[in-house]
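These notes are about the structure you will find just below.
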Protein chains: 2
Amino acid sequence: MARTQEQRRAETRQQLLEAARDMVAERGIAGASVDAVAEAANLTSGALYGQFGRKEGLLVALLDAWKDATASVIAADFEASSSRDDQLASLWRNLADPPADGGDAWVLLEHELWLYACRHPGARSTVAARYEDARRSLADALPGAAVADDPASEEGLASLLIALVIGLEMQRRLDPDAISDELAVAGLRTLVDAFARTRERA
Amino acid sequence: MARTQEQRRAETRQQLLEAARDMVAERGIAGASVDAVAEAANLTSGALYGQFGRKEGLLVALLDAWKDATASVIAADFEASSSRDDQLASLWRNLADPPADGGDAWVLLEHELWLYACRHPGARSTVAARYEDARRSLADALPGAAVADDPASEEGLASLLIALVIGLEMQRRLDPDAISDELAVAGLRTLVDAFARTRERA
DNA sequence: GTCTATAGATTGATAGAC
DNA sequence: GTCTATCAATCTATAGAC
């Protein structure tokens with residue numbers, strides 16, 4: 001029966017994390033008060049402090065959950081694509097029109113946590129590690145990954161692709177008509193092709 | 001002598017705006033309290049409310065100031081560059097290592113205001129217009145701008161360049177070693193060259 | 001136009017009942 | 001482990017003196 005208690009605790013924890021994810025995405029970190037998050041999870045602030053100690057504890061836990069949830073989904077979707085264009089299209093769609101649980105929340109949360117990391121040195125390394133993971137796993141999944149003679153340049157390409165996707169998504173969110181899917185995929189394709197051409201020469 | 005009063009009012013206004021710019025960049029919009037901003041400008045909250053009415057009034061004014069200050073500086077620096085590579089390098093340096101008054105503050109403020117615009121429909125069009133201006137002025141300054149038969153594709157290239165610069169700066173701020181200046185300029189160059197190649201074919 | 005003083009609401013966090 | 005109740009601090013905004 002100790003098992004049931006653990007489960008209940010885990011459920012409470014996840015309810016709080018989901019509520020926090022949505023509320024931080026909607027109102028920002030400062031705007032998501034402890035009481036409001038707890039109430040949205042049909043709990044009270046006491047439960048939240050019992051689980052995370054302080055508000056920052058909730059944010060750190062949210063950071064980890066966000067790290068796991070997004071990276072794995074994107075990587076799986078990427079590798080499941082058959083053609084190279086499908087791969088790049090899935091990379092773009094996953095940010096521009098996210099299908100995962102939580103939907104839009106993760107994208108705004110991404111920026112919220114990025115800002116938080118820029119201002120709080122303690123959290124910076126966690127967020128930095130998440131971006132590095134994204135670069136690495138994307139570099140591994142890239143077309144020419146079999147040739148492992150210069151992993152640095154492969155991660156460079158991954159950096160460019162991620163940068164392009166994030167920057168385009170920012171512009172599209174302000175004005176959906178400003179960025180077409182075709183433009184995004186064409187831009188990604190251009191970078192990948194240029195990389196492949198450089199690779200052939202060497 | 002009415003002139004002196006106007007000047008004093010304008011000075012007060014600018015002191016408040018500069019203090020708000022730095023404090024919002026450092027602590028975020030929610031973290032930059034009215035009292036703290038006023039005190040940083042060697043004034044009190046009374047002066048701030050006399051100038052902007054409410055806190056959101058200050059933010060809107062800050063939005064406009066930010067729009068003017070950044071776009072013009074970047075455009076001027078861009079056009080002052082001689083070679084094409086210098087142009088692209090200046091585009092990158094202006095975000096990665098900003099020389100303008102306020103320095104780093106503008107970059108973090110950029111993200112803060114972007115998030116604010118995403119959440120407040122009233123402010124969204126202002127921020128969206130700023131990004132559109134950036135795309136337009138960059139498109140005008142681009143190499144092949146003389147051929148004006150397809151302005152849409154030129155703005156598309158500008159969208160890609162801006163996206164790349166923003167996304168790379170985000171990654172570099174978390175980990176300065178992750179993004180080299182050479183990689184950034186090479187990425188920009190790749191996109192510009194591909195565009196020029198497409199243009200020649202047509 | 002700016003300052004002082006203060007009202008009214010909300011915040012993060014703690015203590016003790018259950 | 002979660003809830004109720006509460007404290008001290010902080011916030012936006014207003015009112016009236018100067």
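So that the names make sense, note that chain A is the first sequence line, chain B the second, and so on, each numbered from 1.
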One pair to check against side chain to side chain contact (heavy atoms under 4.5 Å, CB included): B:Ile166 and B:Ile162. What are the steps and the verdict? CA-CA 6 Å; B:Ile166 292 177; B:Ile162 290 172; 3.8 Å; yes
N/O (side chain, A:Thr12) to phosphate O (OP1/OP2, D:dT2) under 4.0 Å: yes
Stepwise salt bridge (Lys or Arg N to Asp or Glu O under 4.0 Å) check, B:Arg173 with B:Asp104: CA-CA 11 Å; B:Arg173 194 164 283 257; B:Asp104 271 27; 3.5 Å; yes
Would you mind reading off the distance between B:Glu39 atom CD and D:dT12 atom P, rounded to a whole angstrom? 13 Å
Rounded to whole angstrom units, what separation is found between the CD1 atom of B:Ile29 and the P atom of D:dT12? 12 Å
From the candidates C:dG1, D:dT2, D:dC11, the one with an atom nearest any side-chain atom of B:Ser33 is D:dC11
So B:Glu110 and B:Tyr131, side chain to side chain contact (heavy atoms under 4.5 Å, CB included) or not? Walk me through it. CA-CA 11 Å; B:Glu110 181 109 27; B:Tyr131 278 78; 3.2 Å; yes
Please assess A:Trp92 against A:Gln87 for the test side chain to side chain contact (heavy atoms under 4.5 Å, CB included), listing each intermediate value before the final yes or no. CA-CA 9 Å; A:Trp92 165 241; A:Gln87 279 187 328; over 6 Å; no
For A:Arg27 and C:dT11, what is the distance between atoms CZ and C1' respectively, to the nearest whole Å? 13 Å
Intermediate values then yes/no, side-chain hydrogen bond (donor to acceptor under 3.5 Å, both in side chains), B:Glu11 and B:Gln15: CA-CA 6 Å; B:Glu11 281 172 23; B:Gln15 283 168 17; 4.9 Å; no
Can you check the A:Phe52 CZ to C:dA13 C1' distance for me, whole Å? 16 Å
Atom pair distance, as rounded to whole Å: CE in A:Met23 and C1' in C:dT10: 15 Å
Rounding to an integer number of Å, can you tell me how far A:Gln51 CD sits from C:dA13 C1'? 17 Å
Output one line per pair: protein atom, nucleotide atom from nucleotides 13-18 of chain D, and distance, for all N/O pairs under 3.5 Å.
unit_1	atom_1	unit_2	atom_2	d
D:dA13	OP2	B:Tyr49	OH	3.4
D:dA13	OP2	B:Lys55	N	3.0

Any side-chain donor-acceptor pair under 3.5 Å between A:Ser33 and A:Arg27? no
Between P on C:dG1 and CD on B:Gln7, what's the gap in Å once rounded to a whole number? 15 Å
In whole angstroms, how far is the P atom of D:dG1 from the CD atom of A:Glu11? 15 Å
